[in-house]
Amino acid sequence: MNRFPIIAIIYSTALFGVAEAAPRIALVRVKEIYTEMPSTLALAEQIKADREQIGKNQRAIEHRRIIEELQNIQTRLSDKKNPLAEEAGKKLARTYEIKLQEAKTFQQEYENFRSEQEKIISRKEVAAMRATLNQIMEVTQRISKERGFELVMDSTGGTNTGLPFVLYQKNSEDLTNDVKAAIKDIKPAAAKPVAEPKTTSKP
């Protein structure tokens, strides 16, 4: 009896079973989705506005004003064409030293204020980024389950070696546009304004 046809049939059946059991894999470009999301664009604008607001703080304004006064005094003291009388020169020099100390005080107060505000902005930025990435993950998972994918990988992700996470792909379905379409109407949450910490120093 020729057993070869039977073995061939069994082998073919086994291969067909393996092919059926192979997981359905898809890719998604998370970085591209994140960059284009309305919440990401809104966050960038809010962070920019918050940082600009820091520079408008009264401490910074006073510091710039005093620095300008110091420059004017220095110019007057060093004017060889129109020298000051000895007493007037001494008085102006004392004024310079007093204002220099004021400038240092305002600078230190402003630096402390700015450092605290940058921490607040950083925490806000991290929280908003996490929320947006969670949205992407949730939508991707929902679409993947609905369409029967068993594994979805981020094709824009990287490893700790600096190499891309996905080194090779062949005919893998890309869900990026589907995820974009699903979240395009999600409105970004209103960002809270940067709060100025309480301080005992006068602005």
Side-chain angles (χ1 to χ4, degrees), residues 29-137 156-164 180 183-203:
R29 302 189 301 276
V30 173
K31 184 177 180 180
E32 180 179 320
I33 298 171
Y34 175 82
T35 302
E36 296 178 9
M37 281 188 66
S39 56
T40 302
L41 301 176
L43 175 63
E45 288 298 318
Q46 183 61 55
I47 295 301
K48 179 182 178 182
D50 288 346
R51 290 206 164 102
E52 289 177 350
Q53 194 62 35
I54 292 175
K56 296 177 182 178
N57 179 261
Q58 192 63 31
R59 302 169 183 84
I61 295 173
E62 286 298 316
H63 180 257
R64 289 192 291 268
R65 181 185 63 77
I66 295 174
I67 289 298
E68 186 176 349
E69 288 183 7
L70 286 170
Q71 292 172 342
N72 292 335
I73 292 173
Q74 194 171 37
T75 299
R76 185 69 184 94
L77 288 171
S78 59
D79 188 355
K80 302 298 182 182
K81 294 182 179 180
N82 299 291
L84 293 168
E86 182 177 356
E87 190 61 32
K90 289 181 179 180
K91 183 178 180 180
L92 193 58
R94 285 195 298 271
T95 301
Y96 181 88
E97 292 300 325
I98 293 172
K99 289 192 172 295
L100 181 60
Q101 187 57 48
E102 288 181 8
K104 290 179 179 179
T105 300
F106 275 115
Q107 182 179 21
Q108 186 60 55
E109 290 182 357
Y110 174 67
E111 288 299 328
N112 293 341
F113 166 79
R114 185 175 66 175
S115 176
E116 186 62 29
Q117 294 305 301
E118 286 292 347
K119 291 177 184 177
I120 294 173
I121 291 174
S122 179
R123 289 195 293 269
K124 177 195 296 185
E125 190 171 18
V126 169
M129 287 176 63
R130 185 180 294 114
T132 299
L133 290 173
N134 284 340
Q135 285 182 345
I136 295 173
M137 184 177 67
T156 56
T159 66
N160 56 7
T161 63
L163 294 173
K180 286 182 181 180
I183 62 179
K184 67 179 181 179
D185 295 327
I186 296 178
K187 296 181 180 180
K192 296 180 180 180
V194 178
E196 181 174 339
K198 295 180 181 180
T199 175
T200 55
S201 302
K202 294 182 179 180

(message) Strictly distance-based, threshold 3.5 Å: is any side-chain N or O of Thr156 a donor or acceptor partner for the main-chain N or O of Arg29?
(response) no
(request) Check step by step if side chain to side chain contact (heavy atoms under 4.5 Å, CB included) holds for Ile120 and Asp50. (result) CA-CA 10 Å; Ile120 294 173; Asp50 288 346; over 6 Å; no
(request) Keeping the roles fixed (side chain from Asp79, backbone from Thr75), state whether a donor-acceptor pair exists under 3.5 Å. (result) no
(request) Could you list the residues that satisfy salt bridge (charged side-chain N to carboxylate O under 4.0 Å, His left out) with Glu45, not counting sequence neighbours? (result) none
(request) Provide the closest heavy-atom pair for Leu41 versus Glu36 in the form atom of the first, atom of the second, distance. (result) CD1-O, 4.2 Å
(message) How long is the straight-line distance from CD of Glu97 back to CD1 of Ile73, given to the nearest 0.5 Å?
(response) 10.0 Å
(request) Step by step, work out the side chain to side chain contact (heavy atoms under 4.5 Å, CB included) result for Lys48 and Glu52. (result) CA-CA 6 Å; Lys48 179 182 178 182; Glu52 289 177 350; 3.4 Å; yes
(message) Looking only at the side chains, is there a donor atom on one of Asn72 and Glu68 sitting less than 3.5 Å from an acceptor on the other?
(response) no
(message) To the closest 0.5 Å, what do you measure between CD1 (Ile66) and CD (Glu69)?
(response) 6.5 Å
(message) Does this structure show an ion pair linking Arg114 with Glu111, if we count only N-O contacts that are shorter than 4.0 Å?
(response) yes
(request) Give a yes or no answer on whether the side chain of Thr132 reaches the backbone of Ala128 with a donor-acceptor pair at less than 3.5 Å. (result) yes
(message) Please check: side-chain N/O of Arg59 versus main-chain N/O of Thr105, any donor-acceptor pairing under 3.5 Å?
(response) no
(message) Nearest 0.5 Å, please: how far is CD1 in Ile33 from CE in Met37?
(response) 8.5 Å
(request) Kindly give the heavy-atom pair with the smallest separation between Arg76 and Asn82, and that separation in Å. (result) NH1-O, 2.7 Å
(request) Mind checking the NZ-CG spacing from Lys124 to Leu43? Nearest 0.5 Å is all I need. (result) 8.5 Å
(request) Please determine if Arg65 and Glu62 form a salt bridge, counting it only when a charged side-chain N lies under 4.0 Å from a carboxylate O. (result) yes
(request) Looking only at non-hydrogen atoms, find the nearest pair between Ala60 and Gly55 and report the distance. (result) CB-O, 3.6 Å
(request) To the nearest 0.5 angstrom, please state how far the CD atom of Gln135 sits from the CG atom of Leu133. (result) 9.5 Å
(message) For Leu163, give me all partners under side chain to side chain contact (heavy atoms under 4.5 Å, CB included), at least two apart in sequence or on another chain.
(response) Thr159, Thr161, Leu167
(message) Please give me the minimum heavy-atom distance between Ala103 and Leu70, naming the atom from each residue.
(response) CB-CD1, 4.0 Å
(message) Ignoring hydrogens and geometry beyond distance, is a side-chain donor-acceptor pair present between Glu116 and Asn112 at under 3.5 Å?
(response) no
(message) To the nearest 0.5 Å, what is the distance between CD on Gln58 and CZ on Phe106?
(response) 8.0 Å
(request) Decide yes or no on side chain to side chain contact (heavy atoms under 4.5 Å, CB included) for Tyr96 and Leu92, but give the supporting numbers first. (result) CA-CA 6 Å; Tyr96 181 88; Leu92 193 58; over 6 Å; no
(request) Verify side chain to side chain contact (heavy atoms under 4.5 Å, CB included) between Gln117 and Arg51, making sure each step is shown before the conclusion. (result) CA-CA 8 Å; Gln117 294 305 301; Arg51 290 206 164 102; over 6 Å; no
(request) State, with a plain yes or no, whether a side-chain heavy atom of Lys180 is found less than 4.5 Å away from one of Glu32. (result) yes
(message) Closer than 4.0 angstrom, basic N to acidic O: yes or no for Lys91 and Glu87?
(response) no
(message) Using every non-hydrogen atom in the two residues, find where Ile183 and Ile136 come nearest and quote the distance to one decimal.
(response) CD1-CG1, 4.4 Å
